[in-house]
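Here's the structure, in structure tokens; my notes come after.
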Amino acid sequence: MDILFLHDNFPAQFGRLGQYLNRAGWRVRFATRREGVAMDGVEVVPYKPHREVTKDIHPYAGAFEKAVLNGQAAARAALALKDKGVRPDLIVAHSGWGPGFYMKDVWPDAKLVGYYEWYYNSPGPDVAFLNDDAPGDHDRLRARSRNAPILMDLAHGDAGLCPTNWQQAQFPPLFRDKLAVHHDGVDTAYFAPKPGARLKLPNLDLSQADEIITYVARGMEPYRGFPQFMEALAHVQKMRPGAHGVIVGADRIAYGAALPEGESYKTRALETLDLDPARTHFTGLLPRDQYRAVLQASSVHIYLTVPFVLSWSMMEAMSAGCLLIASDTSPVREVVSDGKTGLLTDFFDTKALAEKIADALEAPEAYRGIRAAARQTISEHYAVTKLFPQKKAFLEAVAAGLG
């Protein structure tokens, strides 16, 4: 089988799956905008739009033009491959940014599978969760327009993949039967518990600390509850004089509206909250092995999210045996059972979150069963050793016209 993945980022959701398929004898290519990247078993094919989006374009049309430019660049790379004799059986393309737009025009006989993360409803569950006021007319119309690239992919794709049932449910009923739910999977052998682990990173030595509260996100933003976590951390530090907070992520906004120039939620937290700087540690983004070390040394791991795309980090933390305290929101509830595989808490109630953290630090042995059950849930339902063979079978069925 010959397969081509397309995603602006790399390795994103496709890298590990590509390696698995390559080990199974497939020819694997990955087209991406990322430069200077490589992966064993995967042939990387670069593409790059020839220009930026038109200045002052209508705000409803900007996302679509960006996707068209992206799709054009990916199509040019695909045509170059076709000239070399490449004929993929399957194409798997991330939807929303346009790389799969024109693949059927390059290879009409190839089966096209879209990877669908999100559909923009109005008001969206994420936006409504953070804002009491209904979105204005402009915001609603712009949100509707953002679906144009996704709808184009749905129209001409042969099948679709969606990571969770909750994400699939955001799509119009008309399309849901086309979206098979397959999570990306967790490497449970890599993200495994390490009893007695102590945290020592190149730039942070907490090997003597007994109480480590961990938080992981790509950015520091309301979508992932960063302001609420920092407020709760300030409370916990007053209750637990030996408690350290370790925050993994970049000082940026990955999801949601940007702040005014020069402001950040990290700066706001440090300026407005009574945090102990000696016990508040920002690591920035970490290499995979150091990130795993943070999870393995965690006393309690916090994951907060609005109703939006579920983060890999929550499930990797569960796989690593963390005691998870997470927001009681829809995507979380699909995976976490309150009091059994983790503790759920109100997203906005920072005092309740602080109390749950303090209780967990006070009596860690009482939560040993929850830690074990969390790992068991991931091992049984989300491990790559189980999901990759299922995804391979799904792709084979699509290639055979049975998907």
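Excluded from the calculations below are hydrogen atoms, water molecules and symmetry mates; all remaining heavy atoms, backbone and side chain alike, are included. Since the model is a prediction, treat every value here as computed from it, not as a measurement.
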- request: Using the side-chain contact (heavy atoms from CB on, under 4.5 Å) rule, pick out the option among Ile91, Leu395, Leu90 that qualifies with Lys111.
  value: Leu90
query: Is the side chain of Glu221 donor-acceptor paired with the backbone N or O of Ala254 at a distance under 3.5 Å, no angle test?
result: yes
field: Side-chain heavy-atom pair Trp26, Asp89 within 4.5 angstrom cut-off
entry: no
Nearest heavy-atom neighbours spanning Pro125 and Gln170: CG-OE1, 3.5 Å
field: Whether Arg198 side chain and Ala209 backbone form a donor-acceptor pair below 3.5 Å
entry: yes
Other residues, nucleotides, ligands: >12 heavy atoms within 6.0 Å of Arg368 CZ: no
query: Ile150 and Tyr120: side chain to side chain contact (heavy atoms under 4.5 Å, CB included), yes or no, with the steps?
result: CA-CA 10 Å; Ile150 298 166; Tyr120 294 92; 4.2 Å; yes
message: Salt bridge or not between Asp328 and Arg333? Use side-chain N to carboxylate O under 4.0 Å.
response: yes
field: Tyr116 ring center near Phe175 ring center (under 6.0 Å)
entry: no
message: Looking at Asp83, I want to see if its CG is surrounded by more than 12 non-hydrogen atoms of other residues, nucleotides or ligands under 6.0 Å.
response: yes
message: Assess the residue pair Thr377 and Lys340 against the criterion (side chain to side chain contact (heavy atoms under 4.5 Å, CB included)); give the C-alpha distance rounded to whole Å, side-chain angles, the decisive distance to 0.1 Å, and a yes or no.
response: CA-CA 10 Å; Thr377 292; Lys340 297 179 180 179; over 6 Å; no
query: If you measure from OH on Tyr303 to SG on Cys322, what distance do you get to the nearest 0.5 Å?
result: 14.0 Å
- prompt: How about Leu387 and His182: do any of their side-chain heavy atoms sit closer than 4.5 Å?
  reply: no
task: Could you check whether the rings of His7 and Phe30 sit parallel, tilted or perpendicular, using 30° and 60° as the cut-offs?
output: tilted
query: Of all heavy-atom pairs between Pro307 and Pro331, which one has the smallest distance, and what is that distance?
result: CA-CD, 3.8 Å
field: Parallel, tilted or perpendicular, as decided by the 30° and 60° cut-offs, for the rings of Trp118 and Trp166
entry: tilted
message: With a 3.5 Å distance limit and no angle check, can you tell me whether Thr32 reaches the backbone of Asp8 through a side-chain donor-acceptor pair?
response: yes
- request: Identify whether the distance between the nearest side-chain nitrogen and carboxylate oxygen of Glu65 and Arg51 falls below 4.0 Å.
  value: yes
query: Between Asp184 and Tyr382, is any side-chain donor less than 3.5 angstrom from a side-chain acceptor?
result: no
- prompt: What distance do Thr345 atom OG1 and Ile325 atom CD1 have between them, rounded to the nearest 0.5 Å?
  reply: 7.5 Å
- prompt: Should we say atom NZ of Lys82 is surrounded by more than 12 heavy atoms from elsewhere, each under 6.0 Å from it?
  reply: yes
field: Geometric cation-pi criterion Arg16 and Phe388, 6.0 Å radius, 45° cone
entry: no
message: Around atom CD of Gln208, are there more than 12 heavy atoms from other residues, nucleotides or ligands closer than 6.0 Å?
response: no
- prompt: Side chains of Ser311 and Arg218: does their closest heavy-atom pair fall under 4.5 Å?
  reply: no
query: When the ring centroid of Phe5 is compared with that of His94, is the distance short of 6.0 Å?
result: no
field: Side chain Lys391, main chain His183, donor-acceptor under 3.5 Å
entry: yes
- prompt: Does NZ in Lys178 sit with more than 12 non-hydrogen atoms of other residues, nucleotides or ligands closer than 6.0 Å?
  reply: yes
task: Answer yes or no: does atom CZ of Arg146 have more than 12 heavy-atom neighbours from other residues, nucleotides or ligands under 6.0 Å?
output: no
- prompt: Would you say Val68 and Tyr102 make side-chain contact, with heavy atoms under 4.5 Å?
  reply: yes
field: Electrostatic pair Glu355-Lys351, nearest N-O below 4.0 angstrom
entry: no
- prompt: Do Arg292 and Asp289 sit within salt-bridge range, that is, some charged N less than 4.0 Å from a carboxylate O?
  reply: no
Side-chain donor-acceptor pair present, Gln237, Thr280, cut-off under 3.5 Å: yes
message: Quick one, Leu233 and Ile302 - any side-chain contact, counting heavy atoms below 4.5 Å?
response: no
- prompt: Between Asp158 (side chain) and Leu112 (backbone), is there a donor-acceptor pair under 3.5 Å?
  reply: yes
- prompt: Can you name the closest pair of heavy atoms from Glu211 and Ser299 and give their distance?
  reply: CA-OG, 3.5 Å
message: For Asp109 and Lys104: C-alpha separation, side-chain torsions, deciding distance, then whether salt bridge (charged side-chain N to carboxylate O under 4.0 Å, His left out) applies.
response: CA-CA 7 Å; Asp109 296 331; Lys104 279 284 195 177; over 6 Å; no
Electrostatic pair Asp2-Arg29, nearest N-O below 4.0 angstrom: yes
- line: Distance col, row Phe229:CZ vs Leu353:CG, nearest 0.5 angstrom, shows 8.0 Å
Salt-bridge criterion met for Asp137 and Arg142 (N-O under 4.0 Å): no
Test log, rule side chain to side chain contact (heavy atoms under 4.5 Å, CB included), inputs Thr214 and Val248: CA-CA 8 Å; Thr214 55; Val248 179; over 6 Å; no
statement: Here the pair of heavy atoms bringing His301 nearest to Ala317 is CD2-CB, 3.6 Å
- prompt: Is the closest basic N to carboxylate O distance between Arg240 and Glu362 below 4.0 Å?
  reply: yes
Rounded distance (nearest 0.5 Å) linking atom OG of Ser313 with atom CG of Leu324: 9.5 Å
task: Compare every heavy atom of Tyr47 with every heavy atom of Ala77, then report the nearest pair and how far apart it is.
output: CB-CB, 4.1 Å
Rounded distance [0.5 Å steps], CG in Leu199 versus CG in Leu201: 4.5 Å
field: Charged tip of Arg268 within 45° of Tyr265 ring normal and under 6.0 Å
entry: yes
field: Interatomic spacing from CG in Leu130 to CZ in Phe308 - rounded to 0.5 Å
entry: 11.0 Å
field: Sub-4.5 Å side-chain heavy-atom contact between Tyr190 and Ser319
entry: no
query: Which of parallel (below 30°), tilted (30 to 60°) and perpendicular (above 60°) describes Tyr119 and Phe171?
result: tilted
- prompt: Would you say the side-chain atoms of Ser298 pair up with the backbone N or O of Val294, donor to acceptor, closer than 3.5 Å?
  reply: no
query: Do the side chains of Ile247 and Met220 get nearer than 4.5 Å, heavy atoms only?
result: yes
Output field: ring centroids Phe191/Tyr291 closer than 6.0 Å: yes
- request: Mark yes or no for whether Thr329, through its side chain, and Thr305, through its backbone, hold a donor-acceptor pair below 3.5 Å.
  value: yes
task: Report the relative orientation of the aromatic rings in Phe226 and Phe282; use parallel for angles under 30°, tilted for 30 to 60°, perpendicular for over 60°.
output: tilted
- prompt: Any chance CD of Glu263 has more than 12 other-residue heavy atoms, nucleotides or ligands included, within less than 6.0 Å?
  reply: yes
message: Could you check whether any side-chain N or O of Thr164 sits under 3.5 Å from a backbone N or O of Gln167, counting only pairs where one atom can act as donor and the other as acceptor?
response: yes
query: Can you find a pair of side-chain heavy atoms, one from Met314 and one from Val336, that are under 4.5 Å apart?
result: yes
query: Between the main-chain N or O of Thr188 and the side-chain N or O of Arg375, is there a donor-acceptor pair closer than 3.5 Å?
result: yes
Backbone N/O of Ala243 and side chain of Arg279: donor-acceptor pair under 3.5 Å: yes
